[in-house]
Amino acid sequence: MDHGLLKAVENKSAVVGVIGLGYVGVPLHHALQTAGFRTMGVDGEPKKGEMLKAGKSYIKHIDSSLIARWLAEGRFEPTSDMSRLGEADALLICVPTPLSESRDPDLRYIESTAESIAKTLRPGQLVVLESTTYPTTTRDVVLPILAKTGLNAGSDYFLAFSPEREDPGNPDFSASRIPKVVGGYDAHSGKVACALYGHAIVKVVPVSTMEVAEACKILENTYRAVNIALVNELKMLYDRMGIDVWEVIDAAKTKPFGYQAFYPGPGLGGHCIPIDPFYLTWLARKHGMSTRFIELAGEVNSRMPEYVISQLMEFLNEAGKPLKGSKIALLGMAYKKDVDDPRESPSFELLDHLRKRGAEVTYNDPHVPKLPKMRHHDVPEMSSSPLTPEYLAAQDCVLISTDHSAYDYDFIVQHSPMVLDT
């Protein structure tokens with residue numbers, strides 16, 4: 001029994017609630033709205049709801065005009081009132097899943113969201129967890145909380161996991177154009193979830209269990225983390241040997257099989273790649289195993305900001321200057337090119353290292369006009385400095401951390417005494 005939910009999904013009369021209005025939740029609204037669904041956006045942070053109610057987007061690649069249109073058409077309602085979750089026919093959970101200080105999974109946002117859903121859960125609703133997490137989370141954490149209602153998954157309501165897949169800043173891969181992996185609690189839950197996503201996403205990939213879908217996401221991001229660590233380590237070796245790692249990569253990627261290019265950088269950023277592999281290492285410890293390969297990759301990547309600082313100190317030393325007291329301009333605080341997302345950005349690690357060593361640090365980022373507060377960093381009050389010839393000339397070194405397309409690199413090199421491109 002699907003309580004009419006499949007029919008409501010088919011004729012698009014179903015109301016879809018997205019819990020978590022961040023870099024995953026808002027693009028997901030876009031995909032659902034484009035497909036013709038009416039959506040409810042739920043977030044415990046009232047400021048986000050207020051901005052969306054005013055028709056303003058706080059995410060660069062989602063234009064404010066889209067939000068305003070959804071509101072004008074009466075097809076979108078943002079709210080911070082969790083007691084209204086029962087009004088939605090489907091609830092898609094897109095809340096943060098950070099790590100604790102000891103690098104263990106921090107599931108408090110998932111748990112609190114599940115508790116809120118349980119208070120209003122009704123027969124016929126679909127609940128899908130999209131937040132990246134370790135395999136078994138949906139079954140072992142979310143399901144027991146929802147079971148306290150007395151409703152049964154698979155018959156009274158439907159439960160699934162479908163990992164978020166976002167590539168911010170890449171116009172070729174919007175949320176609707178990235179295939180969606182879906183694993184249901186049972187066959188019927190999977191069928192209902194696939195039907196919903198099938199209207200909004202270019203391709204749905206059903207898998208046999210929720211655990212397969214959870215493990216799929218961890219594999220994708222661990223694959224990237226390990227390969228980035230490999231090329232970061234090779235960069236350090238090739239630097240010492242006087243070999244240009246970029247030329248090596250360009251040569252290697254001419255091979256039409258068996259090789260995919262990854263590139264070195266100042267560290268890892270974003271919510272996924274620096275964090276997700278550690279969910280797996282934590283899970284492995286619970287099962288009496290160690291994931292040495294993954295942990296080694298994490299160590300290599302986490303050392304990259306220190307390597308950048310050591311290179312900077314060497315170059316300043318060649319110019320007869322100590323790092324202490326030197327004026328350093330950080331270019332780019334976002335974690336990747338052409339986005340406004342600063343989460344886990346290695347630029348904040350660089351900022352910490354530079355300030356601790358007594359450098360006079362300023363920054364420029366066309367996408368981050370003011371530095372946000374960060375959980376793991378003591379971030380000073382600082383705004384983006386205009387990238388003028390005078391500003392560049394006044395620096396002892398300009399350190400390029402994020403390769404935004406907006407930067408005119410010839411201009412930067414022309415007016416800067418020293419440039420370190422990470």
Side-chain angles (χ1 to χ4, degrees), residues 22-24 26-27 30 56-66 165-178 221 224 227-228 231-232 235 244-247 249-250 253 260-274 301 304-305 308 312 328-351 361-372 374 382-393 395 397-416 418-422:
Y23 289 91
V24 174
V26 175
H30 186 200
K56 295 178 181 176
S57 173
Y58 42 82
I59 294 176
K60 177 179 173 287
H61 55 287
I62 302 294
D63 197 86
S64 293
S65 63
L66 287 171
R165 279 173 164 174
E166 277 289 309
D167 192 11
N170 187 341
D172 295 328
F173 291 113
S174 61
S176 63
R177 298 179 67 182
I178 304 173
N221 288 337
R224 294 173 68 190
N227 280 282
I228 291 169
V231 79
N232 274 334
K235 173 188 167 49
D244 182 350
V245 70
W246 295 91
E247 187 177 356
I249 294 168
D250 285 344
K253 71 181 183 182
Q260 181 182 355
F262 287 83
Y263 298 93
L268 287 183
H271 174 262
C272 290
I273 306 178
N301 288 325
M304 290 309 293
V308 169
L312 172 62
I328 309 297
L330 273 174
L331 297 196
M333 298 301 294
Y335 86 89
K336 69 175 284 192
K337 180 178 184 174
D338 299 343
V339 303
D340 57 352
D341 187 351
R343 292 176 299 172
E344 308 296 329
S345 172
S347 296
F348 288 89
E349 288 285 340
L350 294 173
L351 179 62
V361 191
T362 53
Y363 87 95
N364 171 275
D365 193 313
H367 305 292
V368 184
K370 185 178 180 182
L371 291 188
M374 305 290 282
M382 196 181 294
S383 297
S384 179
S385 300
L387 211 57
T388 63
E390 293 76 20
Y391 170 72
L392 293 170
Q395 307 304 313
C397 183
V398 172
L399 197 160
I400 302 169
S401 183
T402 314
D403 56 334
H404 290 312
S405 298
Y407 288 140
D408 181 339
Y409 294 102
D410 290 334
F411 173 85
I412 291 166
V413 170
Q414 179 184 348
H415 296 286
S416 305
M418 181 188 295
V419 177
L420 175 56
D421 181 357
T422 65

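- Atom CG of Asp338 and atom CG of Asp403 lie 7.5 Å apart (nearest 0.5 Å).
- Summarising the local packing, CD of Glu247 is surrounded by 12 or fewer heavy atoms from other residues, nucleotides or ligands at distances under 6.0 Å.
- Using a 4.5 Å cut-off on side-chain heavy atoms (C-beta onward), Ser383 and Lys370 make contact.
- Taken to the nearest 0.5 Å, the OG atom of Ser416 stands 4.0 Å off from the CG atom of Leu392.
- Side-chain atoms of Arg343 and Tyr335, non-hydrogen and from C-beta on, never get closer than 4.5 Å to each other.
- Two residues are said to be in side-chain contact when any heavy atoms from C-beta on lie closer than 4.5 Å; Val419 and Tyr409 fail this criterion.
- Checking side-chain atoms of Asp340 against main-chain N and O of Ile59 turns up no donor-acceptor pair under 3.5 Å.
- Here the closest non-hydrogen pair linking Pro305 and Gly267 is CD-CA, 4.4 Å.
- Rounding to the nearest 0.5 Å places NE2 of His415 at 8.5 Å from CD of Glu390.
- Looking at Lys337 and Ser405, their side chains come closer than 4.5 Å, going by heavy atoms from C-beta outward.
- Counting only distance, with no hydrogens or angles, the side chain of Ser64 and the backbone of Ser57 share a donor-acceptor pair below 3.5 Å.
- Using the six-membered ring where Trp is involved, His404 and Tyr407 have ring planes that are tilted, between 30° and 60° apart.
- Tyr391 is not listed as a side-chain neighbour of Pro386, based on a closest heavy-atom distance of 4.5 Å or more.
- In this structure, CG in Leu420 is found 8.0 Å from CD1 in Ile400, a value given to the nearest 0.5 Å.
- Nearest heavy atom pair, residue Ser345 against residue Met333, reads OG-O, 2.9 Å.
- At distances below 3.5 Å, at least one donor-acceptor pair connects side-chain atoms of Asp365 with backbone N or O atoms of Ala334.
- The neighbour count for Lys253 NZ, taken as heavy atoms of other residues, nucleotides or ligands under 6.0 Å away, is above 12.
- Side-chain contact between Gln260 and Asn227 is absent, with no heavy-atom pair separated by less than 4.5 Å.
- Side chain of Ser401 to backbone of Leu330: no donor-acceptor contact under 3.5 angstrom is found.
- The minimum heavy-atom distance between His30 and Ile62, with the atom names listed, is ND1-CD1, 3.9 Å.
- Expressed to the nearest 0.5 Å, how far NZ of Lys235 lies from OG1 of Thr422 amounts to 8.5 Å.
- Once rounded to the nearest 0.5 Å, the distance linking CG of Leu331 with OG of Ser385 reads 10.0 Å.
- Taking the six-membered ring where the residue is Trp, Tyr263 and Trp246 present parallel rings, their angle staying beneath 30° rather than reaching 60°.
- In this structure, Asp408 and Leu387 have side chains that are not in contact, with every pair of non-hydrogen atoms separated by 4.5 Å or more.
- Listed here is the closest heavy atom pair of Pro27 and Val24: CD-O, 3.4 Å.
- Taking 4.5 Å as the limit, every side-chain heavy atom of Tyr363 sits out of range of all side-chain heavy atoms of Leu351.
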